[in-house]
Amino acid sequence: MALIDRFFLHRVKRGTLRVTHADGTVRTMGAPHPDFPDVAIRFADKGAAGAIVRHPALGAAEAFMDGRLVIEQGDIRDLVNLMTANDPWEAGANALIPALPIRMLEKVAHKVARVNRARQSKKNVAHHYDLSDRLYDLFLDADRQYSCAYFTDPANTLEQAQNDKKAHIAAKLNIGPGMRVLDIGCGWGGMALYLHEKTGAEVLGVTLSEEQLKVARRRAEEAGVADKVTFELIDYRHVTGTFDRIVSVGMFEHVGVKHYRTFFQKCRDLLTEDGVMLMHTIGRMGGPGVTDEFTVKYIFPGGYNPALSEIVRGYEGLRMFPTDVEVLRLHYGWTIDHWYDRTTAAREQIVALYDERFFRMWQFYLAGAAAAFRHGGLCNYQIQLTRSRTGVPVTRDYIGDTEQRLRSRVASPADAS
């Protein structure tokens, strides 16, 4: 029996996996189960299976991207879900971890990559966020919220869930009249425009993506609020002034562990005495770890999802009050499911923009990411910090009350732009 067959036999117990090798040999693993998919794959050449055995995560991704791993029943999301659902994070087995020598090399490479100096940060951001605007239009919601949505009901549309996310975060910020808000890692400007439209606050959004900056500024101009909502191409470390509120959504993953203390110190210095900050980030539910090589090579160079302990060490000793910590477990999996479906539906447009290999890469990225939240050890953390112990009310009631008021307001053109 081939080594990869042994791997699959050990891994797939519920649901079925039929494997057709390049020489025509067929093996079937697992057993039918109503909650698990049935998947069939074929190796197009003799070397494909070996590449996956030698380097499971990266090897499987590249074999799929190159057409050497062919999905004959189901799709790549079904295959990823079959593998991960049979070995959920809470079970503790994690048979996908490569052999020890490979794992040690990954750790060394990860430590090097985490030295995220300012000039490298800009290159890392450009690698992902300066892709064609058209690509993001094809799979994101109308507001281009490229971060975890907030599903008050799993059946909600992506647009509803992203609007609810903005309301949830705005409520936690507890913004009052005349306040100044800093949005670190502002993306295409959706959150900044929302905060101004709903609260009247003046907002400065900062980004390292030139393409995102262009879109954000254009949106502010079109909404007629460019004097109240401004955007700058600047590293957060170089921002000056003071702000009543700071929000950062989906940016902390790119800061780099060595710079966590710098990040929180800078936020503290920028906040007024009664200031409040809300950070929304992907995180890992276990201890510190490493970023897989597929993500580092193809998706987010320099990216890392922190453990909660690493975040806490970042602000420890800075005399900031952790006033609220919320863990979103399944929300990002549901979010990415929508992105995957939209990506798959837009196959022809994406292939025309790039090529078939890019489309498969993007599919693999989204399929793997969704599974990491559904079956793996990833989650989202929303962490609220204040400089004053009285910076926010002493119970969480205000969050729900404010959130309901924000949701009940009629959406403006800015929300749908």
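What you see is a predicted model; the values in this text were computed from it and never measured.
- The closest donor-acceptor contact from the side chain of Arg387 to the backbone of Arg268 lies under 3.5 Å.
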Checklist entry - Does the side-chain contact (heavy atoms from CB on, under 4.5 Å) test come out yes or no for Tyr398 and Val392, once each step is laid out? => result CA-CA 9 Å; Tyr398 75 96; Val392 293; 3.7 Å; yes
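- In plain terms, the two heavy atoms of Phe243 and Val181 that are nearest each other are CD2-C, 3.8 Å.
- At most 12 heavy atoms of other shown residues, nucleotides or ligands fall within 6.0 angstrom of atom CD in Glu348.
- The closest donor-acceptor contact from the side chain of Ser248 to the backbone of Ile184 lies under 3.5 Å.
- In terms of heavy-atom proximity, Val229 sits nearest to Ala192 at CG1-CB, 3.8 Å.
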Checklist entry - side-chain contact (heavy atoms from CB on, under 4.5 Å) between Asn174 and Val276: does it pass, once the steps are laid out? => result CA-CA 8 Å; Asn174 199 32; Val276 179; 5.9 Å; no
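- Of the possible polar contacts, none joining the Thr281 side chain to the Gly283 backbone as a donor-acceptor pair under 3.5 Å is found.
- With salt bridges taken as basic N to acidic carboxylate O contacts below 4.0 Å, none links Lys266 and Asp235.
- For Thr20, there are no side-chain hydrogen bond (donor to acceptor under 3.5 Å, both in side chains) partners two or more places apart in sequence or in a different chain.
- No option in Arg396, Gln384, Arg389 other than Gln384 meets the side chain to side chain donor-acceptor pair (under 3.5 Å) test with Thr323.
- Remark: the backbone N or O of His33 is not paired with any side-chain donor or acceptor of Arg14 at under 3.5 angstrom.
- Shown here for Ile76 and Tyr340, the closest heavy-atom pair between the two residues is CG2-OH, 3.4 Å.
- The distance from the OG1 atom of Thr84 to the CZ atom of Arg11 is 7.5 Å, given to the nearest 0.5 Å.
- For the side-chain contact (heavy atoms from CB on, under 4.5 Å) criterion with Phe264, the lone passing option out of His259, Glu316, Met279, Arg313 is Met279.
- Counting heavy atoms from C-beta outward, Glu72 and Ile41 have side chains that stay 4.5 Å or more apart.
- Put simply, the side chain of Val39 does not reach to within 4.5 Å of the side chain of Val12, judged on heavy atoms.
- We find that Arg68 and Glu62 are not joined by a salt bridge, their nearest charged nitrogen and carboxylate oxygen being 4.0 Å or further apart.
- No salt bridge links Arg18 with Asp38; every basic N to acidic carboxylate O contact stays at or beyond 4.0 Å.
- Atom OG1 of Thr335 and atom CG of Leu158 lie 6.5 Å apart (nearest 0.5 Å).
- Between the CG atom of Asp183 and the CE atom of Met191 there is a distance of 7.0 Å, given to the nearest 0.5 Å.
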Checklist entry - Is there a side-chain contact (heavy atoms from CB on, under 4.5 Å) between Lys165 and Ser147 once you walk through the steps? => result CA-CA 9 Å; Lys165 185 265 298 290; Ser147 56; 2.7 Å; yes
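- You'll find the ring centres of Phe252 and Phe263 inside the 6.0 Å limit.
- Between Tyr146 and Tyr136, the gap from one ring centroid to the other is short of 6.0 Å.
- A distance of 12.0 Å separates CG in Leu406 from CD1 in Ile169, rounded to the nearest 0.5 Å.
- Of all non-hydrogen atoms in Val80 and Ala371, the two that sit nearest each other are CG1-CB, 3.5 Å.
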Next on the checklist: Run the ring pair (Phe, Tyr, Trp, His ring centres under 6.0 Å) test on Phe359 and Tyr354 for me, step by step, so that the C-alpha distance in whole Å, both residues' side-chain angles and the decisive distance to 0.1 Å come before the verdict.
Outcome noted: CA-CA 8 Å; Phe359 171 75; Tyr354 296 101; over 10 Å; no
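- Phe151 and Thr157 get closest at one heavy-atom pair: CE2-O, 4.2 Å.
- Checking Asp164 against Gln160 by side-chain atom types alone, a donor-acceptor pair falls below 3.5 Å.
- A donor-acceptor distance shorter than 3.5 angstrom exists from the side chain of Arg245 to the backbone of Leu173, with no hydrogens or angles considered.
- Looking at Glu222, its side chain never comes within 3.5 Å of a backbone N or O of Ala220 through a donor-acceptor pair.
- Between the side chain of Arg180 and the backbone N or O of Asp244 there is no donor-acceptor pair closer than 3.5 Å.
- A salt bridge is absent between Arg217 and Glu221: the closest approach of a Lys/Arg side-chain nitrogen to an acidic carboxylate oxygen does not fall below 4.0 angstrom.
- Aromatic ring centres of Phe231 and Trp188 lie farther apart than the 6.0 Å criterion allows.
- A salt bridge does not link Glu210 to Lys214: none of the charged side-chain nitrogens sits closer than 4.0 Å to a carboxylate oxygen.
- Between Asp133 and Arg144 there is a salt bridge, since at least one side-chain N of the basic residue sits less than 4.0 Å from a carboxylate O of the acidic one.
- Taking the side-chain hydrogen bond (donor to acceptor under 3.5 Å, both in side chains) definition, one finds that Arg374 meets it with Asp337, sequence neighbours left out.
- Proximity of Leu58 to Tyr298: side-chain heavy atoms (C-beta onward) are separated by under 4.5 Å at one or more points.
- Of the charged side-chain nitrogens involved, none lies within less than 4.0 Å of a carboxylate oxygen, so that Arg357 and Asp355 do not count as a salt-bridged pair.
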Checklist entry - Can you check side-chain contact (heavy atoms from CB on, under 4.5 Å) on Gln349 and Asp137, steps first, answer last? => result CA-CA 11 Å; Gln349 296 98 309; Asp137 284 337; over 6 Å; no
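- Residues Gln162 and Tyr150 bring no donor and acceptor atom of their side chains to less than 3.5 Å of each other.
- Checked options Glu310, Glu253, His254; the residue passing with Tyr304 is Glu310 (criterion: side chain to side chain donor-acceptor pair (under 3.5 Å)).
- Judged purely by distance below 3.5 Å, without hydrogens or angles, the side chains of Thr402 and Arg405 pair a donor atom with an acceptor atom.
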Next on the checklist: What verdict does the salt bridge (Lys or Arg N to Asp or Glu O under 4.0 Å) test give for Glu326 and Lys172, after you've listed the backbone C-alpha separation in whole Å, the side-chain angles of each residue and the deciding distance to 0.1 Å?
Outcome noted: CA-CA 11 Å; Glu326 183 174 6; Lys172 289 184 178 183; 2.5 Å; yes
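- Here the rule is side chain to side chain donor-acceptor pair (under 3.5 Å) with Gln363, and of Thr344, Asp75, Thr343 only Thr344 fits it.
- Checked by atom type and distance alone, the side chain of Thr291 pairs as donor or acceptor with a backbone atom of Gly303 at under 3.5 Å.
- If you take CZ on Phe8 and CG on Asn86, they are separated by 12.0 Å, rounding to the nearest 0.5 Å.
- Rounding to the nearest 0.5 Å gives a distance of 8.0 Å between SG of Cys148 and CD1 of Ile282.
- The nearest pair of heavy atoms linking Cys379 to Met285 is SG-CG, 3.6 Å.
- Under 3.5 Å, the side chains of His196 and Glu202 contain no donor-acceptor pair of N or O atoms.
- A side-chain donor from one of Thr390 and Ser388 sits under 3.5 Å from a side-chain acceptor of the other.
- One finds no salt bridge joining Glu197 and Lys166 here, because no Lys/Arg side-chain nitrogen approaches an Asp/Glu carboxylate oxygen to under 4.0 Å.
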Next on the checklist: For a ring pair (Phe, Tyr, Trp, His ring centres under 6.0 Å) check, start with the C-alpha distance between Tyr365 and Trp362, then their side-chain angles and the critical distance, and finish with the verdict.
Outcome noted: CA-CA 5 Å; Tyr365 152 53; Trp362 208 256; 5.0 Å; yes
